[in-house]
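Taking it in order: structure first as structure tokens, then the write-up.
Reminder, nothing fancy here: chain letters follow the sequence lines and each chain counts from 1.
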Amino acid sequence: MLWFLASVFRHGNKRTMQAILAQSLNDYDPQSVEAAAQRYWSEQCAYEVKEDPARQKFFCLCMLPYPSGALHMGHVRNYTMGDVIARFQRMQGKNVLQPMGWDAFGLPAENAAIKHATAPASWTYANIGHMRDQLKALGYAIDWSREFATCQSDYYLHEQRMFVHLMKKGIAYRKHSVVNWDPVDQTVLANEQVIDGCGWRTGAPVEQREIPQWFLKISAYAQELLDGLDTLPGWPEAVKNMQRHWIGRSNGLKISFAVEGEAQSLTVFTTRPDTLMGVSFLALAAGHPLAQKAAVRDPRLAAFLAEIKRGGVSEAELEKQEKRGMAMGLYAIHPLSGEKLPLWVANFVLMGYGTGAVMAVPGHDERDFEFAARYGLPIKQVIAVAGEHYDSTRWQPWYADKSRPDMQVINSGELDGKDYAQAFEAVARLLEQRGMGARQIHYRLRDWGVSRQRYWGCPIPVIRCPHCGDVPVPEKDLPVLLPEDVAFSGVRSPLKTDPQWRLVSCPVCGSAAERETDTFDTFMESSWYYARYTSPGASTQVDARANYWLPVDQYIGGVEHAILHLLYFRFYHKLLRDMGLVHTDEPVTRLLCQGMVIAETFYRENKDCSKDWINPAKVDIQRDSKGRVVGAVLKSDGQPVKIGGIEKMSKSKNNGVDPQSMVARYGADAVRLFSMFAAPPEQSLEWSEAGIEGMARFLRRFWREVLAHAKQPALPQLEPDQLDAVQKSLRRQLHETIQKVGDDFGRRHAFNTAIAALMELFNAVNKLTDMSAQACAVRREVLETMVLMLNPVVPHVSHHLWQVLGHPESTLEDQPWPQVDQAALVRDQLKLAVQINGKLRATIEVSASAQQDEVEQTARRHPNIKAFLAGKTVRRVIVVHGKIVNIVVG
RNA sequence: GCCGGUGUGGCGGAAUGGUAGACGCGGCGGACUCAAAAUCCGCUGACAGCAAUGUCGUGUAGGUUCGAGUCCUAUCACCGGUACCA
């Protein structure tokens, strides 16, 4: 309201202002409507829920936010989807739990601490306070009594206890693995902190360095995680496919190669034993013990190993690197032919994956082919396909295709003539007999490294004793508290520099020992928070209440979490199950992955070619006479700015739109409505100020129509049998809409089309000018049902209008979802499209009961159809009931 | 590199093998107004035509089908993930 008045003041028209003030009692004012509804919900504790075995439960969960400082549109979109589903399910009569919490540990708090010289803890708590207020202003049906932040010790206590348990079970273990090392800051960098192989702050070239780290044995659950995907029909196929490929089950052979002059043989895994006779060398990772050993007496090799350790450790970076290698001067013996095979070190072989060594078959593997071509290593053809010519100077995809039914092994002695399966079998049997090989199922999935060399995380509850090794912190000493009141400079973790915290005595032998100073990966906290929501205040990790609420019925979050978070989350659930805490195999039955929120970018170029990004709120768009965008100018100076294209909302491109300012200007309901309307949930959503104005316009029109209708004197009972054709058709549209919206909200999650259908219905009811008693009764049915159907999306407006329509304030949340009146759906006339050879030529109207030939005859009688059929032979007529008639002519 | 996704009017999008462009935005025209804003009404894919209507049209090139935006093959562009951002 205020912004509106302010704009009137600017125009300086006193009379208009008075007119608006006089009207305002009837005008839609989001601020007051939303404040009143939110006050009511809060006073009534309307969304606090308890277990009720008599009622069907519905656990609606959104991915918990990282408290970065301010809510962004991605959050709004995510939580509005959850809220629509939660409110809709409640109207289906379910006992709905929708909780909220904070994923409060993590790297950004440390970066903010460096930048603003604050402690990560106080920065985080301040952000949580602010973002909670912002969330509350959006009117979500959240049970706030269950809220927690993962950095609270009564949360991470249970994580530490669980870790101790997993250590004892052998699921948690320590091994060496490679990290990004910044040699200047003497610190470990996250992958995102490595830019073009250099540290983001120091600019120094990053090195790969091996350090001891804690791991969870997710690989022991690989098969179960893979099989479990088949039990999740409510998950998107894309997510399940990505997880299947990530787990990467493959069937192959583990083969031992004796190495000349070495006692220890070399083991490789291959899925292509059929190409064994085509092996021309073996490639080893730089970190392989044999490579390390060889480097000791070969300075050139040592230099090469050091060289390929430069750069970061991310897979994307490693895979895009040029393939390089160096001969080690050692030879392995081919297990069948006895041939000498050179050993090479190669940068494309990773120590952390498989055995750290591969057998190279340049003739039938594209990467080996390129490597062999580059270093002049032999390329042997051992697979042939009839009709295809093999050319060892040019790679062709069929060389590596084991699935071709016409492929056969050649140049391989007794294996010749066999297909893939036969050759696999023969090689497996031969090697098994000689004790040089074994069949193996291999998974691409690697164990989960949970150690982070950082301060702002959950301390790993381990004491390192020089005599007893790694000793778990005894139960009575848990939690190991993270000191929160620290000075954080950035480079060294305060845990490492604080001797008081670090130095302890060993709980086993009592001698001087040190705490583990690493903290957990923050995926640890986000892997079990869903379960904690079910058991607020429990002294154990979860209690019996978990088995009322779990599994989660609907989980909603960004598609960027499709693999890592969602796989760890499923894994953790199985760990909780194996501890007897939960009783299902999977944590979530239905999953919805939402797309990003994107916006136009604008910039001006500086003299040095750098760009100043300008926020869309400060820019005016210019259009030509047809409405096409032709340019943009900065509002403040009227001078042109460049349009940079549509990108994900981000700080770096300055194209973020602040939800709070949108709520202040248009109201939470308009913001909610636009986020649900502008795109289907799983696709990206482009923010548009004009679009949200359209939503506010719709709400104002709806508001006015309901208020005008409510002023009518007492209405008669609706008599469906006495309606005229127009009234009947509107009522049919209403019930078709009830059917569609129910399906769109409940099953399809197509919020955008549900809203479009409601707008269409509203346009139709607006066109009904008939003020007869029965027309008013139909109008009332439409408007009242619309308030109910809009409630999940715009609950504040609905809360108010429900009362305007004469209902007590208390009843809307639990009002049953409107029922479809099947009788109202019946049509007596159907509109059909008539095609000739698949092209639309006419539309006809026929009785709903018309038989096939009657429909066909009506179609043939249509003048346009007659004209098209003149002089042609009808070959076939296809009649699809209620849809089309297709006449095929020759 | 690999895995997954997306591509439709001026724009966001709709169409679950059956009338391509619902709904919203923008634009154009009209009503109201001294005027403007707001509001209301109408039109709005391109081309040809007075019109009826016709031709073309869903990234590109093929294919399956009575019928393809939708299914298949190839290809291009963009987006997400790629194990230490969350």
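Stem analysis of RNA chain B (Watson-Crick or G-U pairs, both distances under 3.5 Å, runs of at least three) returns B:1-7 with B:76-82, B:10-12 with B:23-25, B:26-31 with B:39-44, B:45-48 with B:53-56, B:59-63 with B:71-75.
An OP1 or OP2 oxygen of B:G24 is reached within less than 4.0 angstrom by a side-chain nitrogen or oxygen of A:Asn763. Close to B:G1, at under 4.0 Å from its OP1 or OP2, lies no side-chain N or O of A:Arg367.
Ring to ring, A:Tyr353 and A:His442 are close: their centroids are under 6.0 angstrom apart.
For the pair A:His245 NE2 and B:G5 C1', the interatomic distance rounds to 14 Å; values are reported in whole Å.
Note on A:Met695: only backbone sugar-phosphate atoms sit closer than 4.0 angstrom, heavy atoms only; bases stay farther off. Using a 4.0 Å heavy-atom cutoff across all strands shown, A:Phe762 reaches no nucleic acid atom at all. Residue A:Arg875 is classed as having no contact, given no heavy-atom separation below 4.0 Å to the nucleic acid.
The side-chain hydrogen bond (donor to acceptor under 3.5 Å, both in side chains) test applied to A:Asn864 returns no partner, not counting sequence neighbours. Looking at residues two or more places apart in sequence or on another chain, you find a side-chain hydrogen bond (donor to acceptor under 3.5 Å, both in side chains) between A:Arg570 and A:Gln243, A:Glu586. Residues satisfying the side-chain hydrogen bond (donor to acceptor under 3.5 Å, both in side chains) test with A:Arg875, not counting sequence neighbours, are none. Qualifying side-chain hydrogen bond (donor to acceptor under 3.5 Å, both in side chains) partners for A:Asn837, counting only residues two or more places apart in sequence or in other chains: none.
A:Arg860 has a carboxylate O that lies under 4.0 Å from a charged side-chain N of A:Glu856, or vice versa, which qualifies the two as a salt bridge. For A:Asp447 and A:Lys217, the salt-bridge test fails: no basic side-chain N is under 4.0 Å from an acidic carboxylate O.
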**Request:** Let me have a per-nucleotide readout for nucleotides 80-86 of chain B, 5' to 3', with B, S or -, counting only protein heavy atoms under 4.0 Å.
**Result:** BSBBBBB

**Request:** Go along nucleotides 13-19 of chain B 5' to 3' and tag each nucleotide: B for a protein heavy atom under 4.0 Å from its base, S when only backbone or sugar atoms are that close, - otherwise.
**Result:** SSSB-BB

For residues 687-699 of chain A, please give each side-chain donor-acceptor pair under 3.5 Å, one per line with the distance, not counting sequence neighbours.
from     : atom 1 : to       : atom 2 : distance (Å)
A:Ser688 : OG     : A:Ala690 : N      : 3.4
A:Ser688 : OG     : A:Gly691 : N      : 2.7
A:Glu689 : OE2    : A:Arg665 : NH1    : 2.6
A:Glu689 : OE2    : A:Tyr666 : OH     : 2.8
A:Glu693 : OE2    : A:Tyr666 : OH     : 3.1

Let me check something: any side-chain donor-acceptor pairs from residues 595-602 of chain A under 3.5 Å, sequence neighbours excluded? List them with distances.
from     : atom 1 : to       : atom 2 : distance (Å)
A:Glu600 : OE2    : A:Gly645 : N      : 3.3
A:Thr601 : OG1    : A:Gly644 : O      : 3.3
A:Thr601 : OG1    : A:Gly645 : N      : 3.4
A:Thr601 : OG1    : A:Gly645 : O      : 2.6

Under 3.5 Å donor-acceptor pairs involving side-chain atoms of residues 315-322 of chain A, not counting sequence neighbours:
from     : atom 1 : to       : atom 2 : distance (Å)
A:Glu315 : OE2    : A:Arg444 : NH1    : 3.3
A:Glu317 : OE2    : A:Gly312 : N      : 3.1
A:Gln321 : OE1    : A:Asn347 : ND2    : 3.3
A:Glu322 : OE2    : A:Arg374 : NH1    : 2.9
A:Glu322 : OE2    : A:Arg374 : NH2    : 3.4

Just list the side-chain donor-acceptor pairs under 3.5 Å for residues 753-764 of chain A, sequence neighbours left out, or say none.
from     : atom 1 : to       : atom 2 : distance (Å)
A:Thr753 : OG1    : A:Asp744 : OD2    : 2.8
A:Thr753 : OG1    : A:Arg748 : NH2    : 3.1
A:Thr753 : OG1    : A:Ala750 : O      : 3.1
A:Asn763 : OD1    : A:Arg701 : NH2    : 3.1

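Using cut-offs of 30° and 60° for the angle between ring planes, the A:Tyr66 and A:Trp123 rings count as tilted.
For the residue pair A:Gln213 / A:Gln453, a side-chain donor-acceptor distance below 3.5 Å is found, with atom types taken as modelled.
Distance noted for atom P between B:G26 and B:G81: 33 Å (whole Å).
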Please enumerate all protein N or O atoms sitting under 3.5 Å from an N or O of nucleotides 70-77 of chain B, with distances to 0.1 Å.
none

